[in-house]
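Reviewing the structure listed below.
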Amino acid sequence: MADVREFDLVVLGGGSGGYSCAFRATQLGLSVALIEEAQLGGTCLHRGCIPTKALLHSAEVADVTRDAAKFGIEAELVGVNMPAVLRYKDAVIGRLHKGLEGLAKARRVELVRASGSVLDAQTVRAGGVDYRGRHLVLATGSFARGLPGIETSDRVITSDQALSLDYVPNRAIVLGGGVIGVEFASIWRSLGAEVRIVEALPRLIPAEDEACSRALERAFRKRGISTTTGAQVTAVRQSDAEVVVELANGHSLTGDVLLVAVGRGPRTSGIGLESLGVTLNRGFVVVDAHLQTSVPGVFAVGDIVPGLQLAHRSFAQGIYVAEHIAGLNPAPLDEDGIPRVTYSDPEVASVGLTELRAAERFDADQIETYEYNLGGNGKSQILGTAGFVKLVRRKGGPVVGVHLVGQRMGELIGEGQLIVNWEAEPMDVAHLIHAHPSQAEALGEAHLALAGKPLHVHD
Ligand code: NAI
């Protein structure tokens, strides 16, 4: 007989969704066991958001150094010390990880460091102990998907391996032009690699507004990153010396590494869900509006739930479930209101509906769009970045989509999300004063234009 320990809530998985749920639940007076087989912080902290953004920052430092003369500064990029870049990245992770562990202790979360398996709707067995909860939250996250018939190796890698590569490849091929693909393409190019992206769909970051994809493709072309879209891979051959990717159009690409970035799959097999009878759809956990699974009392949050696989969505879902279980009646989460940022150079950020989706939802003649070019924005000119702010609005109504392209534009999505989620009309934003010179002014300018009183544009 295994030991049995009782809690109000048992959470399986200590990533963004799991730990936010655990932290909020103890804040609300619930007792919580949080079961994590690896490290608190999950994909986001150890293999996703944080390490990639650290690498992107090193990449930016390389670019700034290389381009220093443009700004009248004499400097020379003499090399990239990849082991040192990795140490910097790991130090950032280490500090955040330590902070998170301190928080878990302070919040009196019972952190169980073991691999857990669901026995029934109240019980997770981990490390020989049965953790029983009145409620169970599944938060097991995702893994980098491979492609059938393509073996991973030292040359054919997923983002997990790419994050700890201790050299810059001379020639990198990136399979998949989604978020992970374009971020790594951007990093490697800045660090000196020749980079080629192969994407199956007709454009990069296909979930974003088409104008953003086009702008990113243009910017990448200028940076020397080549893109093949609408491409089907027919074979991948690898040897000790190189990897060759063959395409259906008869062309082939040769590189030192091939990054496979074709999406992330849900980690829902092998954790006891089959016997529990939770309904799955292509491996993802089906949930209702309260994020409850088909088994009453069992909830799911984060990357295993169909939808955007983003850490901030997981945080929000974790908090939602904790509050729902505690009887707080939280407001439902709106997937369209979740901001999305791709941290490549240039950055692409968005919230709300793309032009295409708005046209589907409201009819094409019911929507209006406006693009403000960063050419007219002082701060962007100082930085030397091209890009734009694109607004999508319902005619005579609120702004339903904000789309941004350009260096540092990701930071502006905070204002964009307020505009979209508070259903602001152009006039509501047009009368707000934006600091000058700032890139936020570009958002202001776009709203001024939609409100019928453009300032820094030709009438
Ligand atoms: P993704 O779904 O964003 O992109 C995968 C891309 O691969 C798609 O464009 C797809 O059309 C393409 N693809 C699929 N099979 C292919 C094939 N056989 N040949 C060529 N192309 C193929 O997935 P990704 O980039 O792997 O990212 C996984 C998740 O991680 C995403 O949900 C993303 O939102 C999240 N993430 C978020 C980041 C951020 O918020 N900045 C950064 C990195 C990842």
Side-chain angles (χ1 to χ4, degrees), residues 15-17 42-57 59 141-150 152 156-163 173-187 196-208 210 212-213 216-217 220 227-236 245-249 251 253 258-267 282-284 302-316 335 338-351 404-405 409-411 413 417:
S16 310
T43 299
C44 165
L45 179 53
H46 300 282
R47 296 178 300 283
C49 323
I50 299 297
T52 49
K53 266 80 266 180
L55 295 188
L56 278 156
H57 185 63
S142 59
F143 62 92
R145 273 193 212 279
L147 276 181
I150 302 184
T152 54
V156 179
I157 62 177
T158 65
S159 57
D160 292 347
Q161 291 154 280
L163 282 169
I173 307 169
V174 175
L175 185 59
V179 194
I180 293 182
V182 304
E183 287 189 353
F184 272 102
S186 192
I187 291 167
R196 279 159 310 166
I197 306 176
V198 177
E199 164 60 47
L201 291 175
R203 56 189 171 93
L204 294 183
I205 45 169
E208 294 295 341
E210 190 167 350
C212 296
S213 298
L216 182 68
E217 282 165 16
F220 269 14
T227 299
T228 308
T229 51
Q232 292 300 320
V233 174
T234 50
V236 172
V245 177
E246 287 176 5
L247 304 179
N249 65 8
H251 291 148
L253 306 172
L258 168 66
L259 171 69
V260 180
V262 295
R264 297 186 62 88
R267 286 191 58 199
R282 293 174 21 204
F284 288 92
D303 286 1
I304 59 173
V305 176
L308 296 166
Q309 292 173 310
L310 299 174
H312 43 287
R313 169 182 179 257
S314 305
F315 291 142
E335 194 95 359
I338 298 173
R340 311 167 287 263
V341 184
T342 304
Y343 293 87
S344 45
D345 175 17
E347 292 182 343
V348 178
S350 64
V351 62
L404 313 168
V405 180
M409 294 295 277
E411 292 295 332
I413 208 60
Q417 90 186 71

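Both counts, for ligands and for their atoms, begin at 1 and track the order of listing. Just so we're clear, the structure is a prediction, and the values are computed from it rather than from any experiment.
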Nearest neighbour in protein (non-hydrogen) for [atom]:
atom	value
atom 2 (O) of ligand 1	Gly263 CA, 4.2 Å
atom 33 (C) of ligand 1	Val179 CG2, 3.9 Å
atom 21 (N) of ligand 1	Ala200 N, 3.1 Å
atom 8 (C) of ligand 1	Glu199 OE1, 3.5 Å
atom 28 (C) of ligand 1	Arg264 CG, 3.4 Å
atom 18 (N) of ligand 1	Leu147 CD1, 3.6 Å
atom 7 (O) of ligand 1	Gly176 CA, 3.4 Å
atom 14 (C) of ligand 1	Val262 CB, 3.6 Å

Check: [X] N/O within less than 3.5 Å of ligand 1 N/O:
X	result
Leu201	no
Val233	no
Tyr343	no
Ile180	yes
Val341	yes

Distance from Ser314 atom OG to Leu308 atom CG, nearest 0.5 Å? 10.0 Å

Rounding to 0.5 Å, atoms CZ (Arg267) and OG1 (Thr43) come to a distance of 8.0 Å

Between Glu183 (side chain only) and Ile180 (backbone N and O only), is there a donor and an acceptor less than 3.5 Å apart? no

Verdict with supporting geometry, Ser350 and Arg340, side chain to side chain donor-acceptor pair (under 3.5 Å): CA-CA 5 Å; Ser350 64; Arg340 311 167 287 263; 2.9 Å; yes

Do you know which two heavy atoms are closest between Gln417 and Pro339, and how far apart they sit? OE1-CG, 3.5 Å

So which bit of [X] gets within less than 4.0 Å of ligand 1, heavy atoms only: side chain, backbone, both or neither?
X	result
Pro206	side chain
Leu308	neither
Val198	backbone

Give the single entry among Gln309, Glu208, Arg203, Glu183 that approaches atom 35 (C) of ligand 1 most closely by any heavy atom. Gln309

Start with the C-alpha distance between Phe184 and Thr52, add both sets of side-chain angles, then the distance that settles side chain to side chain contact (heavy atoms under 4.5 Å, CB included), and finish with yes or no. CA-CA 8 Å; Phe184 272 102; Thr52 49; 3.9 Å; yes

Closer than 4.0 angstrom: is that true for some heavy atom of Arg145 and an atom of ligand 1? no

Would you mind telling me which of Val405, Val179, Val348 makes a side-chain contact (heavy atoms from CB on, under 4.5 Å) with Glu208? Val348

